[in-house]
S.K.: 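Got a structure here, written out as structure tokens. Questions coming.
Just so it is clear, the structure is predicted and the values come from calculations on it, not from any experiment.
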Number of protein chains: 2
Amino acid sequence: MATIKDVARRAGVSTATVSAVMNDTAFVSPELRARVVTAIRELRYEPSLAARNLRRSRSQLIALAVADLSNPFYARIVWSAEAAVAAWGYSLVLFNSDEKPDTERRILSRIRTLGCDGMVLVPVGAANQYQPHEFDGIATVLLGRSIEGNGADTVTIDNRSAGRQAVDYLLDLGHRRIGSVTGPMQLSTSKGRLDGMIDAMAARGLAPQPGHVRSGEFREEAAYSVARDMMGSPDRPTAIYVANGVMAIGVMRAIADLGLRCPQDVSIVSTDTVAGAGGLKPRLTRTEHPIADMTNEALRLLVDRIEERGSEPVRSIVFQPALIVGESCTPLRRDFG
Amino acid sequence: MATIKDVARRAGVSTATVSAVMNDTAFVSPELRARVVTAIRELRYEPSLAARNLRRSRSQLIALAVADLSNPFYARIVWSAEAAVAAWGYSLVLFNSDEKPDTERRILSRIRTLGCDGMVLVPVGAANQYQPHEFDGIATVLLGRSIEGNGADTVTIDNRSAGRQAVDYLLDLGHRRIGSVTGPMQLSTSKGRLDGMIDAMAARGLAPQPGHVRSGEFREEAAYSVARDMMGSPDRPTAIYVANGVMAIGVMRAIADLGLRCPQDVSIVSTDTVAGAGGLKPRLTRTEHPIADMTNEALRLLVDRIEERGSEPVRSIVFQPALIVGESCTPLRRDFG
DNA sequence: CCCTGATAGCTAATCGTTTCGCTGAAGTCT
DNA sequence: AGACTTCAGCGAAACGATTAGCTATCAGGG
């Protein structure tokens, strides 16, 4: 690879001038500029980011660490994030913590070593696993999940509202025995969605039966076994609120394997759904997150932090989910009620 | 951030010794080593990759440029690749060319500037768009699609076999009027799959009718409109081979919107399917690619190239697809034949 | 005609590592 | 005892860019 010295020698100028031309950082006479540009082209010169970054102490890298790359929800975040990062002139370094706090710890250290200018983190594990100043020294935006008391900007969705909307819909259809398959309780997302469900039922003087709320990992298999267990019993719920899209697939499979039909025998509402499932039957009724908007906003905040050295107050942005009606619910038939 | 000099000063040794301890690159007496290790811990020293890479001319970065991040197929590649890259001690820089040759060109230049040690590329566009030595100077593995005459290692699947297996299955069920919804013809993948279909039919003295082979972008919407058009005509095929998972979703939606049922009215076989769709009805009959194996193999080849400076001959590895039978096909009813 | 001010472009220091080559103390052999 | 090895650890030169500060040129005013 040609270096800036080769270009300088060929153009008969100093390296400083080449640098000035590259970065448009000082006036260079048209004649010299032309010679430099020619030399750059002839030598196919591309500046070394390693050297530039060493000098500028910038890396042009933004890290994204998601909780589970196998989940289409995060795959969509990655998709949006790549586009946004590129649009801001950075490149995206991708990490998958796989819901494991230990892996996440290694990733954070790696991000530091790489000298990433900033990171978007979907945190794994409970809030108390983080030091109070865990993210000092590197611009950070937390996405989707929040950590109390950590001075990082946060972009989340209103999970409580998602749970409330979903269960309100089921209640409006006449369902009363409503169950839920939800994620791990130490995650703010799972907790929020369940709280929303409880809110909605409480508003009508109801509460979920203890055995009708089951939690497990945010994975299809976990949801399958939990749902199969819950729906096998005689006083099974007539409707289920499922806390995430991948789990909804597992729940539907469990129901089918038990010989039950959706929506005739069981109504299902989920929060989030997997991409592509829209083409198959029955279409899920679900609350949807504005993933692209959330991700873009997270990156806007991050780039803002990176480029403004000023320490503005911590910002926290909450997006609202929307209920999308599909075909996975029916009104409760009163003759059974 | 503490630098190596700070550590050296604090431990009362030279920077060379600190470096030796960090990299285990020379013998250091236990006593000095202990002092250095303590100093590192106390100062929370993390070496600057920018400086290290400048010196070593390595970046520890592997780039992955995929053709379409919105496609779950590539999302799964990203998932596998992140894990493999991390396992080899590198970090993953992710790019999405969005099937646009211009974007791909910018990405390649960016990868050079970043000084990535290697890249895995899902190339976009026809072979003639690349210079003969386009990839010189950076270790490259082409994944999924190949480019003739470019000296890069390649990992692909046998697309022709995929098409052949899929259509053979339909022929075995008695179907004769078989259509296909396939991708852009300039891509080796689309062409290979269609060739396989033609092979299979030719082996029984058949050939697809001209109007029954339609191509479009590898996207759900394109497949939807193409399928809707094809299936609207009276001599519509009794079975369709769809060249990719996302398109299969579009085709199924088109069929449903036309009031047809799958599999009763139309049988569908696809190559690849979207993750999660396995939980919904009807389960697709499809050929599957060993994505994780392919990706791991691509990274093994790449790391091999990066770390062995030797210029071994170009390697090309072809994986075999497997037919997975779902519920989206039925035997042709003879009374209509 | 000299002095001043403006400024295009150069020289050299710098960023934080790695690594070559050197020093000097200790050990080994005759 | 003297000469020769060995080798732990050090000093300083890279790596390839940016950039502060300097030099030299030129125009214009007195």
Side-chain angles (χ1 to χ4, degrees), chain A residues 1-40 43-61 109-110 112-117 137-138, chain B residues 1-40 43-61 89 109-110 112-117 137-138 307:
Chain A
M1 281 291 282
T3 76
I4 200 173
K5 277 187 197 158
D6 302 324
V7 175
R9 197 175 315 124
R10 177 149 193 145
V13 300
S14 75
T15 62
T17 303
V18 179
S19 177
V21 170
M22 287 296 298
N23 304 299
D24 211 13
T25 182
F27 183 87
V28 177
S29 67
E31 186 204 358
L32 282 202
R33 170 177 298 271
R35 296 215 316 257
V36 169
V37 168
T38 310
I40 288 174
L43 295 172
R44 293 227 187 93
Y45 168 67
E46 310 229 13
S48 145
L49 260 209
R52 169 178 290 176
N53 294 337
L54 173 59
R55 188 52 229 238
R56 289 195 182 154
S57 51
R58 291 290 235 77
S59 68
Q60 315 247 64
L61 257 27
S109 150
R110 180 86 187 163
R112 281 210 136 77
T113 300
L114 279 170
C116 293
D117 293 340
I138 176 164
Chain B
M1 280 291 281
T3 75
I4 200 173
K5 277 188 197 157
D6 302 324
V7 176
R9 198 175 314 124
R10 178 154 193 141
V13 301
S14 74
T15 61
T17 304
V18 179
S19 176
V21 170
M22 287 297 298
N23 304 299
D24 211 14
T25 182
F27 183 87
V28 177
S29 69
E31 185 204 359
L32 281 202
R33 171 178 298 272
R35 295 212 321 253
V36 169
V37 167
T38 310
I40 288 174
L43 295 172
R44 293 227 185 92
Y45 167 67
E46 309 228 15
S48 143
L49 261 208
R52 169 177 289 176
N53 293 337
L54 173 59
R55 186 54 229 231
R56 289 194 182 156
S57 48
R58 290 287 236 77
S59 68
Q60 314 248 63
L61 258 27
S109 151
R110 179 88 186 162
R112 282 209 134 78
T113 299
L114 279 170
C116 292
D117 293 338
I138 176 164
E307 297 182 356

S.K.: For B/D24 and C/dT18, give me the distance from atom CG to atom C1', rounded to whole Å.
M.R.: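 Those two atoms, CG and C1', are 15 Å apart.
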
S.K.: How far does CG of B/L114 sit from CG of B/N53, to the nearest 0.5 angstrom?
M.R.: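 Going from CG on B/L114 over to CG on B/N53, the span is 11.0 Å.
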
S.K.: Quick one: A/E46 CD to D/dG16 C1', roughly how many Å, whole number?
M.R.: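 Those two atoms, CD and C1', are 15 Å apart.
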
S.K.: Under 4.0 Å: is that the gap between some side-chain N or O of B/S19 and OP1 or OP2 of C/dT18?
M.R.: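 For C/dT18, OP1 or OP2 has a side-chain N or O of B/S19 closer than 4.0 Å.
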
S.K.: Do B/L49 and B/R56 make a side-chain contact, defined as non-hydrogen atoms from C-beta onward lying under 4.5 Å apart?
M.R.: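 Not in contact.
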
S.K.: Specify the separation, in whole Å, of atom CZ of B/R35 and atom P of D/dA8.
M.R.: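 It works out to 16 Å between those atoms.
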
S.K.: State, with a plain yes or no, whether a side-chain heavy atom of A/M22 is found less than 4.5 Å away from one of A/I40.
M.R.: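 Side-chain contact under 4.5 Å: yes.
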
S.K.: Would you say B/T15 reaches D/dC10's phosphate, i.e. side-chain N/O to OP1/OP2 under 4.0 Å?
M.R.: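 So the side-chain polar atoms of B/T15 never come under 4.0 Å of the phosphate oxygens OP1 or OP2 of D/dC10.
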
S.K.: Base, sugar-phosphate, or nothing: which does A/V18 touch, judged by heavy atoms less than 4.0 Å apart?
M.R.: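 Answer is nothing: A/V18 stays at 4.0 Å or more from every strand.
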
S.K.: Do any of residues 48-56 of chain A sit with a heavy atom less than 4.0 Å from DNA chain D, and if so which?
M.R.: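 Residues of residues 48-56 of chain A under 4.0 Å from DNA chain D: A/S48, A/A51, A/R52, A/L54, A/R55, A/R56.
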
S.K.: For the side chain of A/S14, starting at C-beta, report the closest nucleotide among D/dC10, C/dT11, C/dT18.
M.R.: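 Per side-chain heavy atoms of A/S14, the pick is C/dT11.
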
S.K.: What's the CG-P distance between A/L43 and D/dG16, to the nearest Å?
M.R.: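 My rounded result for the distance is 14 Å.
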
S.K.: Axis-to-axis angle across the helix from C/dC1-D/dG30 to C/dT30-D/dA1, five pairs an end, to 10 degrees?
M.R.: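 Result, rounded to 10 degrees: 60°.
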
S.K.: Contact between B/Q60 and A/R110 at the side-chain level, heavy atoms closer than 4.5 Å - yes or no?
M.R.: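 They are in side-chain contact.
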
S.K.: Does a side-chain heavy-atom distance below 4.5 Å link B/S19 with B/I4?
M.R.: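 Side chain of B/S19 against side chain of B/I4, heavy atoms only: contact under 4.5 Å found.
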
S.K.: Do A/R52 and A/N23 have side-chain heavy atoms sitting under 4.5 Å apart?
M.R.: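 A side-chain contact exists here, since the closest heavy-atom pair is under 4.5 Å.
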
S.K.: Between A/F27 (CZ) and D/dT19 (C1'), how many Å, whole number?
M.R.: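 After rounding, the reported distance stands at 19 Å.
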
S.K.: CD1 of A/I4 versus P of D/dC15: gap in Å, rounded?
M.R.: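 Spelled out: CD1 on A/I4 to P on D/dC15 is 14 Å.
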
S.K.: Round to the nearest Å and state the distance from B/R58 atom CZ to C/dT19 atom C1'.
M.R.: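 One finds 16 Å between C1' of C/dT19 and CZ of B/R58, rounded.
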
S.K.: Side-chain N or O of A/S57 less than 4.0 angstrom from OP1 or OP2 on C/dC15?
M.R.: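 Checking C/dC15 against A/S57, no side-chain N or O comes under 4.0 Å of OP1 or OP2.
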
S.K.: Side-chain N or O of B/T3 less than 4.0 angstrom from OP1 or OP2 on C/dG16?
M.R.: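 Indeed not, no polar side-chain atom of B/T3 lies that close.
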
S.K.: If the test is side-chain contact (heavy atoms from CB on, under 4.5 Å), which one of B/V13, B/V37, B/V21 qualifies with B/V28?
M.R.: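 One option only clears the test, and that one is B/V21.
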
S.K.: Rounding to a whole Å, what distance do you find between A/K5:NZ and C/dA12:P?
M.R.: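 The answer, rounded to whole Å, is 13 Å.
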
S.K.: Mind checking whether B/D24 and B/R33 have side chains closer than 4.5 Å, heavy atoms only?
M.R.: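 Counting from C-beta outward, B/D24 and B/R33 do come under 4.5 Å.
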
S.K.: If you measure from CZ on B/R35 to OG on B/S29, what distance do you get to the nearest 0.5 Å?
M.R.: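 These two atoms lie 8.0 Å from each other.
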
